[in-house]
Amino acid sequence: MSTDPNAPGTVVDRLLPRRLCTPTPASAFAPANIALSKYWGKRDTQLNLPLNASLSVSLGSWGSTTHVASSPSGRDEVEFNGDAIDLKDPSAQRILHHCNLFRRTQNIPLRIVTSNSIPTAAGLASSASGFAALTLALIRAFRLELPCESASMIARLGSGSATRSLWHGFVRWDHGTRADGTDCHGNQMAVNWPEFRIAVIPVDTRPKTQSSRDGMNHTVRSSPLFAAWPALASVDCKQIEEAVRDRNLTALGTLAEANALAMHATMIAARPALTYLTSETWKVLETLRHARHRDLSAYATMDAGPNVKLIFERDSENDVKSLFPDAKVIAPFEDQPKI
Ligand code: DP6
């Protein structure tokens, strides 16, 4: 299904005013996030409404900072990590399309400056933190009073996974049931887990050849295994939520790793097959499995790319680092810049 985000009754229509005030310069930070229970498949491709709930952990200080102001040149300008981006570039187009949800037909030229604190060498995409930070910066620039849940629904229109990037810690994104998406936003879980760690194992840091959006749509359209995914993902998400509440790493890790591999199985079965995982990814998984036999308590998850993310607790950090010397370790509950 596909619904115009500006259609009457949708999130944009309900939450954003018809006319905006003159913008004042504003900035916002939003963390990137890694799904432990994956979002894969949409019930509405324009509103990015998911078929199943998902649950993520945010990456602390790894994220995007976006600054929004009136454009002094009188034309829209987009800058990313210090470089001006051609407005015809698809990434600039997506950013301006998001700004247009706010501007509607008003002519308000904007200068959008984004910088990412995610190390390029980690090979992590950042559309989640990017759209969350852009949404918050626009809300602040136009002095709109909106709660985080509303910002989460607007961020979702830029990229589904951005729905979960409005908070630190663990965030659950319910699939909602309304066709207009007005019940489909993130919810921060009241769980503090200071010992929780994430390691990113860079396998291939080149830009990916197929976006998660295209890969997801292709899988939904053509994979005979996809029919089983939404029900499986819903059960996984509930059990993963329980494991997070219990702070049970073994249960959480086992479920999260199985959930990620099931998602990749739906892609491998797509026609033609889609495989983001490379032989290097499988080598990391093999090394991890052997280490688990020697009692390492660490578990893997992979998204639409070959890089591996591990979850574990503080007391396993040295073992993870000696097993994977390139690992970049994040302590998501210890370093939380203001969102
Ligand atoms: C594999 O959020 O990038 O990372 O909604 O089309 O922008 P769009 O897709 P996107 O998909 C993320 C897919 C995933 C799993 C996840 O983050 O839950």
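It should be emphasised that the depicted structure is a prediction, and the values quoted were computed from it without experimental measurement. The figures here come from the full heavy-atom set of this structure, side chains too, leaving out hydrogens, waters and symmetry mates. Counting convention: from 1, in listed order, for ligands and their atoms alike.
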Close-range residues for ligand 1, whose non-hydrogen atoms fall below the 4.0 Å threshold: Ala35, Lys38, Tyr39, Trp40, Lys42, Asn48, Arg94, Ser159, Gly160, Ser161, Arg164, Ser212, Arg213, Met216, Met263, Asp303, Ala304
Chi angles and distances behind the side chain to side chain contact (heavy atoms under 4.5 Å, CB included) call for Ser212, Asp303: CA-CA 8 Å; Ser212 34; Asp303 292 298; over 6 Å; no
Ser58 side chain to Asn33 backbone, donor-acceptor under 3.5 Å: no
Heavy-atom donor-acceptor pair, Thr281 side chain to Thr278 backbone, under 3.5 Å: yes
Side chain to side chain contact (heavy atoms under 4.5 Å, CB included) partners of Ser61, counting only residues at least two apart: Asp335, Pro337
For Thr209, side chain to side chain contact (heavy atoms under 4.5 Å, CB included) partners two or more places apart: none
Arg156: partners by salt bridge (charged side-chain N to carboxylate O under 4.0 Å, His left out), with sequence neighbours left out: none
